[in-house]
Amino acid sequence: MLLRIDNLSVSIDNKKILNDYNLEIKEGEVHVIMGPNGSGKSTLSKAIMGDTRYTVTSGNIYFNGKKLNDLKTDERARLGIFLAMQNPMEIEGVSNADFLRTAVSIKNDGKLNLYEFAKNLEKSYSNLDMDKKMIHRSLNVGFSGGERKKNEIAQMLLLEPKLIILDEIDSGLDVDSLKIVSDNINKYKKENPKTGLLIITHHQRLLDHINPDFVHIMTCGKIAKTGDRKLALELESHGFNIINAKNEQNNIKEESSNE
Amino acid sequence: MNKIEVVSNNLILNDAGDIISTYVNNDILTIDCKSDIKLIFINNIYKDVVINVLDNVALNILEIKKEDSLDSNYKYILNENSKVIINKFYYSGEYSENVNIDLNGYNSDATFNLSVASFGNQKYNINIYHNNKKTISNVFNHGITFGDSVIDFIINGTVKKGMNDSILNQDNKIMIMGNGKSSIEPNLFIEDDVIEARHGASIGKFSEEELFYLETRGISREIGYELLIKGFLLNHLIIEDDVLEELEGIVCSLRR
């Protein structure tokens, strides 16, 4: 099992966001999380990465059998978990090249072939149709929304993770950029078939490009329904009423049995 | 470009020839720059330094101060069409410095980039006088305080009546790594109506969001701080690669 989340509850500022959450991702699987705003999708990604602003009140997270709860964020990342963020940070003064050189060097236990690194970096920028001059600019500073998302994927390609979490990677991307980003993710996945993907999105249009094994719909900090790609299409057509209808049916059943 | 170095109190002249003249009178070091030149000050111990930039001269200054230094006063006098770029990198304890930049000549242009890593109480009083028309000043001060250390930046930009079409930019930032209370006073005293002026000041800490972002790429908090400090102190300096490399080494050792 690549990722296993057991009965995870997470709070921020004493407000419970994830509630007894469970999820399992096997090697090579593509899971999609959809859900209304505030349902806890991004909190899930931050909790997996160990963001200290989120408090795990109960439950466990395992990656390749190793318990993550007590590991720091950078330790989790070095195990091979990569989070492509919804809003990638702008960091003035820290160049993309310097930042990535540091990250790749740490990943390789301090060893770095500068020529290989520069070649790979340029190649990833080229594959993502990004201007190579951006390599030497401050991290995400002055980048458009789409460029920032592409920059996340460039980082992903260089860091070669085993589990990729894409938090709304499709927001801010135009049609062409979405295809470029998806093609790069698919190519990476093809070359690294054991890599797992956890995609958080509001729209099924990303799934036109990346084929999911499972689609989960989250509400109120829990998975309310799981299906395949058809579930995403159903959601696109009918909205979150499909969950509400299911809940109402359950309530009716419960009331009948009580009577 | 010709180069002159001032290491402690020794002048090292490299083919300076007629390009500059230097003299010391009453412990005041005066340098007249007559042609384009680069000046390097390493641990300058002259209390008073006057640099006079003659008409049409481009001057580039790099100053590095390590460890504790005596308080200093600098005066830069710019004449017609002269241009000065001043880059200063200091890391030290107790220190104070007064800087006067006199933009006396028409179309004179000064850029002042200061980076400070402070381990004591430090005060910088920077005065820019736009004494002629179409003069430009760009002042960028970045300071980091460690432990209980303090930095006070006081920046006064003055434009007299009639000195129209001048441009003033000020950007001042202090990052606090400890508990000291620092301050910034960014002042603009403008008597003319046809002026372009901006000033900004911020004091704060590196954000948790920035550190988290770096950590998600496998970079530890310690190395993340190093990257942020390096970017903050060095990015705005206009310096050559070999100097940058030397300063990067210094910055990486600051928190150890």
Side-chain angles (χ1 to χ4, degrees), chain A residues 45-54 71-110 136-141 148 151-152 154-156 158-161 163-165 167, chain B residues 87 89 113-117 140-144 171-175 177 200-241 244-245 247-252 254-255:
Chain A
S45 68
K46 298 281 175 62
I48 295 170
M49 283 315 300
D51 189 334
T52 51
R53 289 165 293 181
Y54 296 80
L71 295 186
K72 292 176 186 166
T73 298
D74 57 303
E75 292 170 324
R76 298 180 194 209
R78 289 200 295 276
L79 287 177
I81 307 174
F82 181 89
L83 169 62
M85 294 199 188
Q86 186 181 349
N87 298 307
M89 285 301 300
E90 276 187 17
I91 304 184
E92 180 76 49
V94 178
S95 75
N96 276 295
D98 208 8
F99 159 64
L100 273 167
R101 194 168 47 237
T102 305
V104 173
S105 168
I106 289 170
K107 177 184 170 280
N108 296 334
D109 297 325
H136 302 290
R137 278 171 44 188
S138 289
L139 188 52
N140 293 323
V141 175
R148 285 187 200 191
N151 205 28
E152 295 288 279
Q155 293 168 27
M156 180 202 88
L158 283 161
L159 291 169
E160 300 173 324
L163 173 66
I164 301 164
I165 306 167
D167 189 359
Chain B
N87 291 289
F89 179 85
N113 298 324
L114 171 66
S115 279
V116 180
F140 303 106
N141 298 311
H142 285 194
I144 294 189
D171 185 34
N172 308 284
K173 292 177 183 166
I174 297 174
M175 286 293 177
M177 298 294 293
S202 66
I203 301 176
K205 295 191 172 193
F206 291 115
S207 78
E208 278 301 313
E209 286 91 344
E210 285 177 335
L211 286 160
F212 176 69
Y213 189 77
L214 298 175
E215 286 172 321
T216 61
R217 302 318 185 230
I219 297 170
S220 68
R221 185 155 277 244
E222 200 64 21
I223 294 174
Y225 270 122
E226 268 181 23
L227 275 176
L228 293 174
I229 292 171
K230 199 164 70 172
F232 180 74
L233 287 179
L234 303 182
N235 189 50
H236 68 299
L237 299 181
I238 304 163
I239 48 180
E240 288 158 3
D241 286 350
L244 179 65
E245 210 169 295
L247 298 186
E248 280 178 347
I250 294 168
V251 168
C252 286
L254 286 174
R255 296 184 74 233

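Within every chain, numbering begins at 1; the chains are lettered A, B, ... in the order of the sequence lines, protein sequences first and strands thereafter. Remember, it's a predicted structure, so these values are computed and weren't measured experimentally.
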Any side-chain heavy atom of [X] sitting closer than 4.5 Å to one from [Y]?
| X | Y | answer |
| --- | --- | --- |
| A/Asp74 | B/Ile219 | no |
| A/Met85 | B/Thr216 | yes |
| B/Lys230 | A/Asp98 | yes |

- request: Show your reasoning for whether salt bridge (Lys or Arg N to Asp or Glu O under 4.0 Å) applies to B/Arg217 and A/Glu152.
  value: CA-CA 10 Å; B/Arg217 302 318 185 230; A/Glu152 295 288 279; 2.7 Å; yes
- request: Grab the two heavy atoms, one from B/Gly218 and one from A/Ala77, that are nearest each other, plus how far apart they are.
  value: N-CB, 3.4 Å
message: Using every non-hydrogen atom in the two residues, find where A/Ser138 and B/Asn235 come nearest and quote the distance to one decimal.
response: OG-ND2, 4.1 Å
Using non-hydrogen atoms only, which part of [X] is less than 4.5 Å away from chain B: side chain, backbone, both, or neither?
| X | value |
| --- | --- |
| A/Pro88 | both |
| A/Leu79 | neither |
| A/Asn87 | neither |
| A/Glu90 | backbone |
| A/Arg76 | neither |
| A/Ser105 | neither |

- request: Starting from the C-alpha separation in whole Å, work towards a yes-or-no answer on side chain to side chain contact (heavy atoms under 4.5 Å, CB included) for B/Leu214 and A/Thr102.
  value: CA-CA 10 Å; B/Leu214 298 175; A/Thr102 305; over 6 Å; no
field: Straight-line distance of A/Met49 CE to B/Phe212 CZ, nearest 0.5 Å
entry: 6.0 Å
Between CD on residue B/Glu209 and CZ on residue A/Arg53, distance to nearest 0.5 Å: 4.5 Å
task: Report the option among A/Leu100, A/Asp51, A/Thr52 that has the most heavy-atom pairs separated by less than 4.5 Å from atoms of chain B.
output: A/Asp51
field: Option in A/Val104, A/Leu139, A/Ile91, A/Val94 with maximal non-hydrogen atom pairs under 4.5 Å from chain B
entry: A/Ile91
query: Is it the backbone or the side chain of B/Leu228 that comes under 4.5 Å from a heavy atom of chain A, or both, or neither?
result: both
- prompt: Tell me, side chain or backbone of B/Ile223 under 4.5 Å from chain A's heavy atoms, or both, or neither?
  reply: side chain
message: If the condition is side chain to side chain contact (heavy atoms under 4.5 Å, CB included), which residues does A/Lys107 pass it with, not counting sequence neighbours?
response: A/Leu159, A/Glu160
- prompt: Residues in side chain to side chain contact (heavy atoms under 4.5 Å, CB included) with B/Ile203, at least two apart?
  reply: B/Ile174, B/Ile176, B/Ile184
